[in-house]
Amino acid sequence: MPSAPVTEDSHLYLIDASAYIFRAYHALPPLTRASDGLPVGAVSGFCNMLWKLLEELKGGERPTHFACVFDKSSYSFRNDLYPEYKANRDEPPEDLRPQFPLVREAAVAFHTHALEQEGYEADDLIATYARQAEAKGARVTIVSSDKDLMQLVTDKIHMLDTMKNKQIDADAVFEKFGVTPDKVIDVQALAGDSVDNIPGAPGIGVKTAATLLEEYGTVEELLERAEEIKQPKRRQTLIEHAEQVRTSKLLVTLKDDVPVEVALEDLAVADPDPKTLIDFLEKMEFRTITRRVRETFEAEGVIDETTAGDIGFDAENYVCIRDFKTLEDWIARAHEAGVIGLDTETNSLDCQTCDLVGISIALSPNEACYIPLGHIDPDHSGGSDMFDADPPRQIRKEDALKALKPLLEDPSVLKVGQNFKYDYTVFARNGIHVTPIDDTMLISFALHAGMHGHGMDELSERYFHHSPIPFKEVAGTGKSQITFDRVPLDKATEYAAEDADVTLRLWQHFKPWLHREKVTTVYETLDRPLIPVLAGMERAGIKVDRDHLSRMSSDFAQRMAGLEDAAYKAAGGEFNMGSPKQIGDILFGEMGLPGGKKTKSGQWSTDASQLEYLAAQGHELPQIILDWRMLSKLRSTYTEALQDAINPETGRVHTSYSMAGAQTGRLSSTDPNLQNIPVRTEEGRKIREAFIAEDGNVLISADYSQIELRLLAHIADIDALKNAFKEGLDIHAMTASEMFDTPIEGMDPMVRRKAKAINFGIIYGISAFGLANQLGIERSEASDYIKAYFEKFPGIRKYMDETKDFAKDNLFVKTAFGRKLHLKEMNSKNGAQRAFAERQAINAPIQGSAADIIKRAMIAMPEALAKKKLDAKMLLQVHDELIFEVPEAQAEDTIETVRKVMEKAPLPALQLSVPLDVDARAAKTWAEAH
DNA sequence: GCGATCACG
DNA sequence: GACGTACGTGATCGCA
């Protein structure tokens with residue numbers, strides 16, 4: 001650490017760190033480290049404060065000497081004077097305690113002294129250094145708002161409350177105590193202090209103390225002449241408690257001659273070591289301040305950017321291509337590069353219907369271009385003067401695409417995209433089949449599922465400490481938002497070229513990690529090849545009978561109106577049937593029915609299980625609400641919304657599959673969600689009748705039977721289960737028979753139902769609470785069932801324990817095909833969080849392996865169908881089910897091929913020890929085919 | 001923008 | 001002994 005003499009030009013900063021920690025803890029919102037839940041709110045506040053003081057204070061305020069001062073322990077010489085000193089302090093809160101050592105670590109990371117000394121409080125050290133510096137004519141700033149330090153204030157020594165950003169000088173002290181700083185200890189001695197347990201004189205507060213001191217000068221003088229005090233009460237108090245007041249003065253007087261271990265000169269401010277500081281901040285996972293610190297260091301040129309692997313972003317180098325010659329030049333350079341970042345800009349978020357507006361290409365970091373192709377009025381902003389608008393000078397779309405096509409289809413040039421299924425579809429609609437490809441979103445997902453999201457902005461911030469321009473910034477937001485074709489070209493170029501740039505950089509950053517993390521195969525055989533398959537399914541869409549939906553909608557609306565009348569009658573007045581809040585108030589408030597559970601927000605819960613319970617007791621209104629809710633759900637989410645989703649050009653509904661949404665590796669379906677079309681109730685199933693085949697065609701539905709239980713049997717290696725599947729037994733009946741020791745023949749359906757619930761429960765990471773809830777039985781009974789199950793199938797318990805142990809050690813679990821799901825809460829101190837992670841650890845390998853298998857089937861499917869010269873088109877995936885559309889005459893052959901591909905899907909990567917069974921049927925509607 | 005609810009596997 | 005609980009999703013509505 002450097003040393004420098006303290007002179008009149010010096011400015012010493014003393015941070016009252018111990019007091020700061022408590023204040024930050026209470027004043028700042030709680031913050032925990034994302035990866036393990038470690039509480040770090042006070043540490044974060046401390047780091048921000050230090051950084052601000054050290055780096056952002058420019059000019060005369062900048063410190064020349066600097067130190068953070070801590071309390072060493074709770075004991076000090078004051079305890080010898082007065083054993084009760086600070087005796088009323090509570091232990092620091094549980095989630096503050098681990099932060100004390102971290103704050104000391106932070107002080108060191110910032111390259112400042114972390115001072116503490118046995119037997120003295122931080123305040124005494126501060127007093128000593130402050131007085132020493134003052135004696136040399138230096139200025140002193142004490143960073144604290146603690147009133148105990150106010151006695152130190154002089155015209156050289158000030159205090160600074162960083163949270164309120166307020167200087168505390170002699171005037172401010174006078175305002176608080178009614179005396180000048182040198183008399184503060186006298187006021188405190190008289191008034192006492194409940195926080196520090198300083199007794200003072202009973203009945204005398206700050207105001208009275210100030211008045212008395214005005215007349216008598218000091219405590220000593222006052223006590224000497226106590227007999228002269230006119231008010232009898234005060235006189236008596238002061239005479240009686242004279243000794244106590246003298247002790248109090250000793251307690252509040254800071255010791256300014258501590259034999260300090262570090263000399264004042266050695267507190268000279270030192271530049272932090274960039275690597276040490278950034279490493280610490282990154283370890284704490286403070287994203288914002290890490291970025292700020294990094295940027296400052298970069299600006300000051302103290303970080304070697306290339307060794308950090310981070311080449312700064314510089315939009316200056318982005319090029320807007322508006323003439324053909326330049327485009328040809330970039331295409332040639334792209335061939336040369338061999339790998340390019342690629343991104344498309346469109347005029348809507350729906351890649352099925354949008355128009356291509358522009359293309360961006362990145363060749364290397366900071367070397368990127370944007371090719372506008374469909375911009376309107378690019379030289380005016382927002383088209384306010386449409387009549388004057390000149391068409392922008394941009395390359396004709398057909399010409400550009402024609403020139404780009406060979407590049408985009410060139411097998412020797414890798415095209416890297418982020419969420420590339422979108423761009424793939426846009427290009428496909430323009431007659432270009434982009435290949436070969438990589439997708440940074442999917443690479444991130446293969447590497448880090450469960451650790452963080454996989455959106456580009458988040459990845460860029462996390463790995464490059466760079467925030468790409470938000471879309472909102474170029475297009476605006478809300479009602480005044482414009483489509484990308486109206487964004488002026490300069491802004492469009494900055495935004496679009498940056499996206500391609502970031503994408504290429506992400507690829508460079510991630511690619512080596514695929515091997516290191518052993519997920520190359522997952523990415524290359526399960527995720528990447530699925531892109532064109534899903535793109536094809538989304539483009540194909542499924543035919544939906546609008547009239548059928550429309551008729552159902554009217555029918556539902558009528559019946560809902562009837563139910564509304566009945567409900568108002570039963571409730572004795574009108575209310576909003578769609579408001580759970582109002583329903584709760586009526587049922588449990590006005591009608592006084594016995595309320596069940598409450599929701600998190602304190603409202604009465606009115607979910608189906610609650611209403612069913614009330615209905616079963618013979619109450620009318622709950623049943624009406626249940627019936628209405630079902631119809632309302634079916635109508636708003638399905639019969640109405642699905643009509644709007646029909647693409648007018650194709651007459652079909654085109655969903656969009658999300659490939660990196662579900663943590664376990666499952667797909668999800670949005671806009672609209674076609675994976676949750678009703679089937680469980682009679683009424684709901686009718687909606688599936690609206691999903692139909694084109695004339696002359698049929699729909700085929702093929703689904704895996706019990707795939708997750710089969711995988712459990714295989715993964716946990718349970719002979720009894722495996723044999724049951726091999727023999728084609730009813731697995732739930734078999735389980736019941738084993739558990740309850742009854743023959744399968746003539747089994748009570750209730751018994752089988754229990755076993756079925758347990759089988760599902762096992763897959764979910766069973767708990768007595770959950771099982772009891774599911775079956776509507778007592779928790780103790782559920783507990784007995786689980787016990788019986790584990791006695792019959794000890795291998796399952798063993799599998800569960802081993803899986804949990806693995807997850808605790810490695811913080812991830814794997815599917816049978818090697819897909820990883822990271823579970824960072826496995827060792828959380830929070831019991832509920834940990835239990836949740838444990839159940840995920842049980843479930844994810846099973847659910848994820850099933851997802852992997854159907855993905856393999858889907859990837860193999862197009863070729864298998866083509867080979868058999870079948871015209872079947874794969875349309876939908878619903879986790880364990882695939883829907884196809886095929887000319888009627890080919891239905892049987894298609895079923896045969898589909899079944900074979902699905903049943904053999906794990907091969908050759910994995911030979912399951914149980915057979916996979918596939919049920920398949922052909923029909924005119926999805927309702928019948930399922 | 002969030003919680004409650006409910007549709008699916 | 002209390003806590004908070006079945007796994008994975010997405011859409012709609014009311015409400016602040």
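Numbers restart at 1 for each chain; the letters A, B, ... are given by sequence-line order, proteins then strands.
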When all nucleic acid strands are considered with a 4.0 Å heavy-atom cut-off, which category describes [X]: base, sugar-phosphate, or nothing?
| X | result |
| --- | --- |
| A/Ala757 | base |
| A/Gln603 | nothing |
| A/Gly761 | base |
| A/Asn773 | nothing |
| A/Arg685 | nothing |
| A/Ile763 | nothing |
| A/Ala608 | sugar-phosphate |
| A/Gly661 | sugar-phosphate |
| A/Ser579 | sugar-phosphate |
| A/Thr606 | sugar-phosphate |
| A/Ala641 | sugar-phosphate |

Over how many whole Å does the gap from [X] atom [atom1] to [N] atom [atom2] extend?
| X | N | atom1 | atom2 | answer |
| --- | --- | --- | --- | --- |
| A/Leu674 | C/dG10 | CG | P | 13 Å |
| A/Leu667 | C/dT9 | CG | P | 12 Å |
| A/Leu642 | B/dA7 | CG | C1' | 12 Å |
| A/Asp585 | C/dG14 | CG | P | 16 Å |
| A/Glu838 | C/dA6 | CD | C1' | 13 Å |
| A/Phe760 | B/dC8 | CZ | C1' | 12 Å |
| A/Leu882 | B/dG9 | CG | P | 14 Å |
| A/Lys598 | B/dA4 | NZ | C1' | 15 Å |

[N] base to [X] side chain: any donor-acceptor pair below 3.5 Å?
| X | N | answer |
| --- | --- | --- |
| A/Arg834 | C/dG4 | no |
| A/Gln847 | C/dC7 | yes |
| A/Arg779 | C/dT5 | yes |

Can the positive tip of A/Arg635 be found less than 6.0 Å from the middle of the six-membered ring of A/Phe556, inside 45° of the ring normal? no
Check this one for me: any side-chain N or O of [X] less than 4.0 Å away from OP1 or OP2 of [N]?
| X | N | value |
| --- | --- | --- |
| A/Arg680 | B/dC8 | yes |
| A/Gln582 | C/dC15 | yes |
| A/Ser601 | B/dA4 | yes |
| A/Thr637 | C/dG10 | no |
| A/Gln840 | C/dG8 | yes |
| A/Asn676 | C/dT9 | no |
| A/Ser668 | C/dG10 | yes |
| A/Ser605 | B/dT5 | yes |
| A/Arg666 | C/dG8 | no |

Between [M] and [N], how far apart are the [atom1] atoms? Round to whole Å, please.
| N | M | atom1 | result |
| --- | --- | --- | --- |
| C/dA6 | B/dT5 | P | 14 Å |
| B/dA4 | C/dG4 | P | 15 Å |
| C/dT5 | B/dG3 | P | 14 Å |

Ion pair A/Arg652/A/Glu885, N-O distance below 4.0 Å: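 The answer is yes: the pair qualifies as a salt bridge.
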Going by atom types only, do A/Asn673 and A/Thr670 share a side-chain donor-acceptor pair under 3.5 Å?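 A/Asn673 vs A/Thr670: no donor-acceptor pair found between side chains.
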When you get a sec, tell me which of [options] is the closest nucleotide to the side chain of [X]?
| X | options | answer |
| --- | --- | --- |
| A/Thr670 | C/dA11, C/dC13, B/dA7 | C/dA11 |
| A/Ala662 | C/dT9, C/dA6, B/dC6 | C/dT9 |
| A/Lys581 | C/dA16, B/dG9, C/dA11 | C/dA16 |
| A/Thr664 | C/dA11, B/dT5, C/dG8 | C/dG8 |

Hey, can you tell me if A/His822 and A/His448 have their rings parallel, tilted or perpendicular (30° and 60° cut-offs)? tilted
Specify the residue among A/Arg839 and A/Ala832 whose closest nucleotide of DNA chain C lies further upstream toward the 5′ end.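 Whichever sits nearer the 5' end wins; that is A/Ala832.
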Quick check: on DNA chain C, is the nucleotide nearest A/Asn576 upstream (toward 5') of the one nearest A/Lys633, or the reverse? Name the residue that is more 5'. A/Lys633
One pair to check against salt bridge (Lys or Arg N to Asp or Glu O under 4.0 Å): A/Asp527 and A/Lys855. What are the steps and the verdict? CA-CA 8 Å; A/Asp527 292 330; A/Lys855 281 183 176 177; 3.1 Å; yes
When rounded to the nearest 0.5 angstrom, what distance separates [atom1] in [X] from [atom2] in [Y]?
| X | Y | atom1 | atom2 | value |
| --- | --- | --- | --- | --- |
| A/Tyr523 | A/Phe445 | OH | CZ | 13.0 Å |
| A/Lys754 | A/Asn759 | NZ | CG | 14.5 Å |
| A/Met750 | A/Leu775 | CE | CG | 6.0 Å |

Tell which nucleotide pairs with C/dC3, taking only Watson-Crick or G-U wobble pairs whose two distances are both under 3.5 angstrom.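 Across any shown strand, C/dC3 pairs with none.
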B/dA7 - base-pair partner by Watson-Crick or wobble geometry, distances under 3.5 Å: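 Partner of B/dA7: C/dT9.
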Verdict with reasoning, A/Tyr789 to A/Tyr785, per ring-ring contact (aromatic ring centres under 6.0 Å, His included): CA-CA 6 Å; A/Tyr789 182 91; A/Tyr785 292 167; over 10 Å; no
